[in-house]
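The next block holds one structure in the form of structure tokens; read it before the comments.
This structure is a prediction, so every number in the text was calculated from the model and none was measured.
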Amino acid sequence: MAEILSPAGTPSAGAGAGAADGLIKDTTTQTFMDDVVQASQEALVLVDFWAPWCGPCKQLTPVLEKVVGAAGGKVRLVKMDIDKHPEIAGQLGVQSIPAVFAFSGGRPLDAFAGALPEGEIRKFIERHAPDAFSGGSGGLDAARAALDAGDIVTAGEMFATLIEQDGNDVEAIAGLADVRVATGDLEGAQELLDGLPADKAQHASVCAVRAKLDLAKQSEDAGDIAPLRTSVAANPDDHQARLDLAVALGAGDQREEAIEELLELFRRDREWDEQAAHRQLMTYFEAWGPTDPAVKDGRKRLSRLIFS
């Protein structure tokens with residue numbers, strides 16, 4: 001592919017420590033050497049040539065940003081408005097936009113034109129950065145970030161890729177099970193967890209997903225909150241009604257109230273039904289995580305009850 005020239009018309013001699021600080025940024029003719037050529041010595045850099053009047057560009061750029069964000073820092077995206085800065089696009093022979101060029105080692109390696117779908121963009125990146133979407137904690141962190149952001153499809157793909165590379169990656173298996181719980185595929189999640197060897201079944205991430213799975217199953221059978229409230233108010237010692245109310249509240253994501261009812265049940269009879277209140281509290285604490293405010297408060301109050 002064409003050699004990139006500096007604004008003065010001569011090949012770049014290198015730009016020292018001019019690599020881009022962020023994963024996604026805009027560039028100009030003057031900063032292109034630092035933002036792209038020099039930065040591509042450290043990581044794969046995609047250059048998105050676009051213009052404000054270009055409809056397909058507006059479709060492509062958000063997808064590019066999403067895919068680069070999922071690459072765990074292994075790919076960077078640099079955007080160039082060709083209306084303001086036409087010189088580099090001209091040197092590269094860009095004839096239509098959107099056009100995306102992949103740079104590595106200071107030189108352009110490959111390119112595509114048009115608004116490709118997300119899957120094709122990922123394949124394009126993987127041709128030049130095979131480990132962009134997997135491997136190490138970076139791949140796991142990116143997959144978890146996608147799941148936390150509600151991007152279930154991307155998270156599922158990323159966890160599945162990690163499992164393909166290492167079938168014993170318990171974190172990835174737990175992550176994929178978490179995805180299946182989020183999509184309502186409870187049987188699929190259960191199958192993944194049941195397939196784990198005994199020495200991995202008690203891994204923290206597995207226990208957390210198993211708790212989420214238990215809650216999802218409970219939610220399917222949870223009763224209506226209003227009549228359960230009425231039953232508890234009519235008979236505060238109706239332990240089953242109080243437990244059912246706590247489950248219904250948890251299914252409705254009313255976490256503080258759910259924990260409140262379970263703590264009250266524990267206070268009234270901690271041994272009832274093989275410590276059902278304590279078991280349900282542990283399920284909530286595991287599923288909702290230690291940083292959840294309701295969990296933090298609930299743990300403190302439970303400790304006070306146990307040791308009072």
Side-chain angles (χ1 to χ4, degrees), residues 66 69-72 133-222 243-244 246-259 261-262 274-299 302:
K66 175 183 175 182
F133 303 105
S134 61
S137 62
L140 280 169
D141 289 344
R144 292 193 194 101
L147 181 58
D148 291 341
D151 189 352
I152 305 300
V153 174
T154 297
E157 291 175 350
M158 296 174 73
F159 284 126
T161 298
L162 289 169
I163 294 170
E164 287 177 3
Q165 294 192 343
D166 181 1
N168 296 315
D169 188 338
V170 64
E171 295 272 7
I173 293 170
L176 185 57
D178 203 353
V179 167
R180 291 184 176 178
V181 171
T183 60
D185 181 11
L186 305 188
E187 291 185 5
Q190 187 70 63
E191 182 180 350
L192 278 173
L193 298 180
D194 288 346
L196 287 167
D199 63 330
K200 298 182 183 296
Q202 298 305 314
H203 190 282
S205 60
V206 174
C207 291
V209 177
R210 186 176 288 113
K212 289 183 181 180
L213 178 59
D214 290 342
L215 291 188
K217 291 178 179 178
Q218 287 180 354
S219 297
E220 293 182 334
D221 300 322
L243 177 63
D244 291 344
V247 170
L249 289 166
D253 207 33
Q254 299 180 48
R255 301 184 179 188
E256 293 84 359
E257 292 186 65
I259 290 175
E261 294 297 339
L262 291 171
E274 299 180 348
Q275 298 188 338
H278 186 270
R279 286 187 284 109
Q280 187 65 34
L281 281 167
M282 292 302 102
T283 297
Y284 283 153
F285 293 166
E286 193 76 55
W288 295 338
T291 62
D292 185 280
V295 171
K296 288 182 178 180
D297 180 66
R299 284 190 181 278
L302 178 61

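With a 4.5 Å cut-off on side-chain heavy atoms, Y284 and L215 count as touching.
Residue pairs satisfying the salt bridge (charged side-chain N to carboxylate O under 4.0 Å, His left out) criterion with at least one member in residues 276-285, sequence neighbours excluded, are absent. Applying the side chain to side chain donor-acceptor pair (under 3.5 Å) test to residues at least two apart or on different chains, the pairs with a partner in residues 206-215 are D178-K212. Listed by first and then second residue, the salt bridge (charged side-chain N to carboxylate O under 4.0 Å, His left out) pairs that reach into residues 282-297 are R255-D292, D297-R301, sequence neighbours excluded.
For E171, the side chain to side chain contact (heavy atoms under 4.5 Å, CB included) partners two or more places apart in sequence, or in a different chain, are L140, R144, D169, H203, S205. Taking the side chain to side chain contact (heavy atoms under 4.5 Å, CB included) definition, one finds that A216 meets it with V181, L186, sequence neighbours left out. Q190 meets the side chain to side chain contact (heavy atoms under 4.5 Å, CB included) test with D194, L213, K217; sequence neighbours excluded. Remark: D148 engages no residue in a side chain to side chain donor-acceptor pair (under 3.5 Å) (not counting sequence neighbours). With sequence neighbours left out, E257 forms a side chain to side chain donor-acceptor pair (under 3.5 Å) with R229. By the side chain to side chain donor-acceptor pair (under 3.5 Å) test, K200 is found to be paired with no residue, residues two or more places apart in sequence or in another chain being considered. The ring-ring contact (aromatic ring centres under 6.0 Å, His included) test applied to F285 returns no partner, not counting sequence neighbours. Residues meeting the side chain to side chain donor-acceptor pair (under 3.5 Å) test with Q275, sequence neighbours left out: E271. With sequence neighbours left out, A277 forms a side chain to side chain contact (heavy atoms under 4.5 Å, CB included) with L265, F266.
The shortest non-hydrogen separation linking M158 to A70 is CE-O, 3.1 Å. Shortest non-hydrogen contact noted between A251 and S219 is CB-OG, 3.4 Å. The two atoms that bring L162 and A172 nearest to each other are CB-CB, 3.7 Å, heavy atoms only. Nearest heavy atom pair, residue T283 against residue A211, reads O-CB, 3.6 Å. A pairwise comparison of heavy atoms in A177 and L193 identifies CB-CD2, 4.0 Å as the closest pair. Scanning all heavy atoms of the two residues, the minimum distance from A246 to E261 falls at CB-CB, 4.0 Å.
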side-chain contact (heavy atoms from CB on, under 4.5 Å) evaluation trace for L302 with M282: CA-CA 10 Å; L302 178 61; M282 292 302 102; 3.6 Å; yes
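The CG atom of D151 sits 3.5 Å away from atom NZ of K66, with the distance rounded to the nearest 0.5 Å. Annotation: the span from L262 atom CG to L243 atom CG amounts to 6.5 Å, rounded to 0.5 Å.
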